[in-house]
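Report on the following structure.
Below, each value reflects all heavy atoms present in this structure, side chains not excepted, and no hydrogens, waters or symmetry copies.
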Amino acid sequence: QVQLVESGGGLAQAGDSPRLSCEASGGSIATYTMAWFRQAPGKVREFVAAISRGSFTTWYGNSVKGRFTISRDNAKATVYLQMNSLKPEDTANYLCAAAKSPARPSATYEYNSWGQGTQVTVSS
C-alpha cells in the first residue's frame, strides 16, 4: 500500500481557486485509481472526484461537477484537486485515497489507502 499526504488546504474565501496536492510514497501510483473525498464535522464522508490510472477517465460528485478538476502526475507520484468557485459548503477535511481497479470509484469501501486529510475552510 502507498502512503498518502495531502497539502494545500487552509482558509479561503468564497470564489477562490486553491489547488490541493496528494503526494504518495512507498510505491508507484501508476497502478492505482486515485480519488478525493471530503468530510465535514458530523457528516458522512462524501465522494469528490476520482481519476483512472492513465488519466483516461474522471468521475465527479454532483456537488463539485463543473467546479473542481482532478489530475495526476504519475512520475511525481502526485494527485491534484483544482478547486474553483469555492463555496462555504465546500468547507471540509479533504482526503486522498488510492484503490486498485475499483468497481465503484465513488465508494469509500473500495479504497484501502487513505491520507490524513487537509482542512479547507471557506468563508462567505
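Atoms CD and OG1, on E23 and T78 in that order, are 4.5 Å from each other to the nearest 0.5 Å. Separating the CG atom in N74 from the CD1 atom in I29 is a distance of 4.5 Å, to the nearest 0.5 Å. Within the model, atoms CD of Q82 and CG of L20 stand 9.0 Å from one another, a figure rounded to the nearest 0.5 Å. The distance from atom CZ of F68 to atom OG of S85, rounded to the nearest 0.5 Å, is 9.0 Å. We find the CG-CD distance between L86 and Q13 to be 10.5 Å, quoted to the nearest 0.5 Å. Taking CD from Q3 and SG from C96, the interatomic distance works out to 12.0 Å, rounded to the nearest 0.5 Å.
Under the rule for a side-chain contact (heavy atoms from CB on, under 4.5 Å), the partners of S7 that lie at least two apart in sequence or sit in another chain are S21. For the ring pair (Phe, Tyr, Trp, His ring centres under 6.0 Å) test, residues two or more places apart in sequence or in another chain that qualify with F37 are F47, Y111, W114.
Enclosure of atom NZ in K100 by more than 12 non-hydrogen atoms of other residues, nucleotides or ligands within 6.0 angstrom is indicated. Within 6.0 Å of the CZ atom in R53, the count of heavy atoms belonging to other residues, nucleotides or ligands does not exceed 12. In the displayed structure, Y109 atom OH is contacted under 6.0 Å by more than 12 heavy atoms of other residues, nucleotides or ligands.
Summarising the geometry of E110 relative to A103, their closest heavy-atom pair is OE2-N, 3.2 Å, with the distance given to 0.1 Å. Scanning both residues, M34 and L4, for their nearest heavy atoms gives CE-CD2, 4.0 Å. Shown here for S28 and T31, the closest heavy-atom pair between the two residues is O-OG1, 4.2 Å. The minimum heavy-atom distance linking S124 with A14 is given by the pair CA-CB, 4.2 Å. For the pair A49 and L81, the tightest heavy-atom approach, listed with the atom from each and the gap, is CB-CD1, 4.3 Å. Here the closest non-hydrogen pair linking T33 and W59 is CG2-CZ3, 4.3 Å.
The backbone N or O of T118 lies less than 3.5 Å from no partner atom in the side chain of E6, so there is not a single donor-acceptor pair. One N or O on the side chain of N93 and one on the backbone of Q116 form a donor-acceptor pair closer than 3.5 Å. No side-chain donor-acceptor contact under 3.5 Å links R38 to the backbone of V120.
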Query raised in the report: Passes side-chain contact (heavy atoms from CB on, under 4.5 Å), D73 versus Y80? Steps please.
Result: CA-CA 8 Å; D73 185 335; Y80 305 98; 4.2 Å; yes
Requested in this report: Run the numbers on T91 and Q119 for side-chain contact (heavy atoms from CB on, under 4.5 Å), then give the verdict.
Outcome: CA-CA 8 Å; T91 295; Q119 177 69 33; 3.9 Å; yes
Query - Worked verdict on R45 versus L95 for side-chain contact (heavy atoms from CB on, under 4.5 Å) - result: CA-CA 9 Å; R45 190 163 293 185; L95 304 105; 4.0 Å; yes
Query raised in the report: Between C22 and W36, does a side-chain contact (heavy atoms from CB on, under 4.5 Å) hold up when you go through it step by step?
Result: CA-CA 9 Å; C22 169; W36 287 95; 3.7 Å; yes
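Residues near V44 contribute nothing to a hydrophobic cluster around it, because no ILVMFWY side-chain heavy atom sits closer than 4.5 Å to its side chain.
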